[in-house]
There are 2 protein chains.
Amino acid sequence: MNEDDDRVFKALADPTRRFLLDLLFAREGRTLTELESEVEMTRFGVAKHLKVLEEAGLVVARRSGREKLHFLNPVPIRLIHDRWIDKYTERHVTALVDLKKALEDET
Amino acid sequence: MNEDDDRVFKALADPTRRFLLDLLFAREGRTLTELESEVEMTRFGVAKHLKVLEEAGLVVARRSGREKLHFLNPVPIRLIHDRWIDKYTERHVTALVDLKKALEDET
DNA sequence: TTGACATGTGACCTCTGGGTCACATAACTT
DNA sequence: AAGTTATGTGACCCAGAGGTCACATGTCAA
């Protein structure tokens, strides 16, 4: 359980991996070569990152012939949220975040 | 903005720092020496971790005489959540998480 | 079957980050 | 004032992670 945690947070620690999650969040079911074209890096690097994300459970993959399709799994993200944001204070925090966003939009 | 992100995720990548957040989540306003007593590490190590958490905005500190009181700031956590969990799919994910927890409790 | 395409594996190099220590400053107590 | 308490700073050591390459497997198309 704790090892799972560690894998998730370590996976999120790298900016390239977060960008890959962003790409999958925008459109799911992408292949390795497709993701590679969006990143300034070798295919091997991207493959390594995807493996880390997969082992952390943040990405789920499905094979289709010689291709491998990748999907984003939001559950671990939600668990991070629940760890440090109490249900009673959640309303309060969301209000704070909305306020912050509103202030930034004005500028 | 992107550098802020990076600081937050890098800060969360270390298990000791996550444990410190847990301690502050349980009871806020703790001092360095108090936190040190809960961790198997030198004071210097803990101080270093607290600095990282503070620079990431996950911990906010207030001085009181020669003591420094530390508080948890949940806003960055909420922003992580909002980055990859759409408001429309949030209900769905929460249901999944609740189901998972229920299944684990049965065992 | 032959060649092109999509992905997987292990070794290797480099550099960042966790942890400790010696030293220093500031504040409370008596 | 003197000693104790709470915290801050810079240097140092070492394990681990990011990135690339050479090589290998498996799948589609003609």
Side-chain angles (χ1 to χ4, degrees), chain A residues 2-24 27-72 76, chain B residues 2-24 27-72 76:
Chain A
N2 217 320
E3 289 180 1
D4 282 0
D5 274 6
D6 206 52
R7 270 194 281 267
V8 172
F9 287 106
K10 288 256 168 66
L12 290 174
D14 184 85
T16 306
R17 287 197 286 266
R18 293 197 298 273
F19 182 61
L20 289 173
L21 290 183
D22 290 337
L23 291 175
L24 293 179
R27 183 164 50 83
E28 300 214 279
R30 304 213 201 195
T31 173
L32 166 61
T33 8
E34 189 181 351
L35 291 169
E36 176 204 347
S37 66
E38 306 258 10
V39 179
E40 296 277 328
M41 193 183 301
T42 322
R43 175 177 59 85
F44 309 99
V46 180
K48 221 172 185 179
H49 285 307
L50 283 175
K51 191 187 176 191
V52 174
L53 288 169
E54 220 178 316
E55 287 173 347
L58 285 162
V59 161
V60 180
R62 178 170 59 83
R63 290 210 71 109
S64 160
R66 62 177 163 181
E67 290 182 337
K68 190 178 177 185
L69 306 177
H70 299 82
F71 300 84
L72 170 63
Chain B
N2 216 319
E3 288 180 3
D4 283 359
D5 275 5
D6 205 52
R7 269 194 281 268
V8 172
F9 287 106
K10 287 257 168 64
L12 290 174
D14 184 85
T16 306
R17 287 197 286 267
R18 292 197 297 274
F19 182 61
L20 289 173
L21 291 182
D22 289 338
L23 291 175
L24 293 179
R27 183 164 49 82
E28 300 214 279
R30 303 213 202 195
T31 173
L32 167 62
T33 7
E34 189 182 351
L35 291 170
E36 176 204 347
S37 67
E38 306 259 10
V39 180
E40 296 278 327
M41 193 182 301
T42 322
R43 175 177 59 84
F44 309 98
V46 181
K48 221 173 186 180
H49 284 307
L50 284 175
K51 191 187 177 191
V52 174
L53 288 169
E54 220 178 317
E55 287 174 346
L58 285 162
V59 162
V60 181
R62 177 170 60 84
R63 289 210 71 109
S64 160
R66 63 179 163 180
E67 291 182 337
K68 190 176 177 186
L69 306 178
H70 299 82
F71 300 84
L72 169 64

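A, B, ... follow the sequence lines: proteins, then strands. Residue 1 opens every chain.
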Looking only at the side chain of [X] (C-beta and beyond, no hydrogens), which of the listed nucleotides [options] gets closest?
X     : options                : answer
B:R43 : C:dC23, D:dG19, C:dA6  : C:dC23
A:R66 : C:dA4, C:dT7, D:dT7    : C:dA4
A:T42 : D:dC21, D:dG18, C:dG19 : D:dC21
B:E67 : D:dG18, D:dA6, C:dC23  : D:dA6
B:T31 : D:dT20, D:dT7, C:dT20  : D:dT7
A:F44 : C:dT7, D:dG19, D:dT20  : D:dT20

State the [atom1]-[atom2] distance between [X] and [Y], to the nearest 0.5 angstrom.
X     : Y     : atom1 : atom2 : answer
B:E38 : B:R30 : CD    : CZ    : 5.0 Å
B:L23 : B:E34 : CG    : CD    : 9.0 Å
A:H49 : A:E36 : NE2   : CD    : 12.5 Å

Under a 4.0 Å heavy-atom cutoff, the residues of residues 55-65 of chain B touching DNA chain C are B:G65

What is the distance from [atom1] of [X] to [atom2] of [N], rounded to the nearest Å?
X     : N      : atom1 : atom2 : answer
A:F9  : D:dG16 : CZ    : P     : 21 Å
B:F19 : C:dG18 : CZ    : C1'   : 17 Å
B:L35 : D:dA6  : CG    : P     : 13 Å
A:E36 : D:dG19 : CD    : P     : 14 Å
B:D14 : C:dT16 : CG    : P     : 18 Å
B:K51 : C:dG19 : NZ    : C1'   : 15 Å
B:L12 : C:dG17 : CG    : P     : 15 Å
B:E40 : C:dT20 : CD    : P     : 10 Å

Smallest heavy-atom separation, A:A56 atom then A:P76 atom, equals O-CG, 4.4 Å

Nearest heavy-atom contact between B:R18 and A:D6 is NH2-OD1, 2.9 Å

Run A:L50 and A:V46 through side chain to side chain contact (heavy atoms under 4.5 Å, CB included) and show every step you take. CA-CA 6 Å; A:L50 283 175; A:V46 180; 4.2 Å; yes

Quick one: does B:K68's side chain get under 4.5 Å of B:L32's, heavy atoms only?
-> no

- Message: Using a heavy-atom cut-off of 4.0 Å across all strands, would you classify B:K48 as base, sugar-phosphate, or nothing?
- Response: base

By nearest-nucleotide position on DNA chain D, the 5'-leaning member of A:T16 and B:L69 is B:L69

Q. Is any side-chain nitrogen or oxygen of B:H49 closer than 4.0 Å to OP1 or OP2 of C:dG19?
A. yes

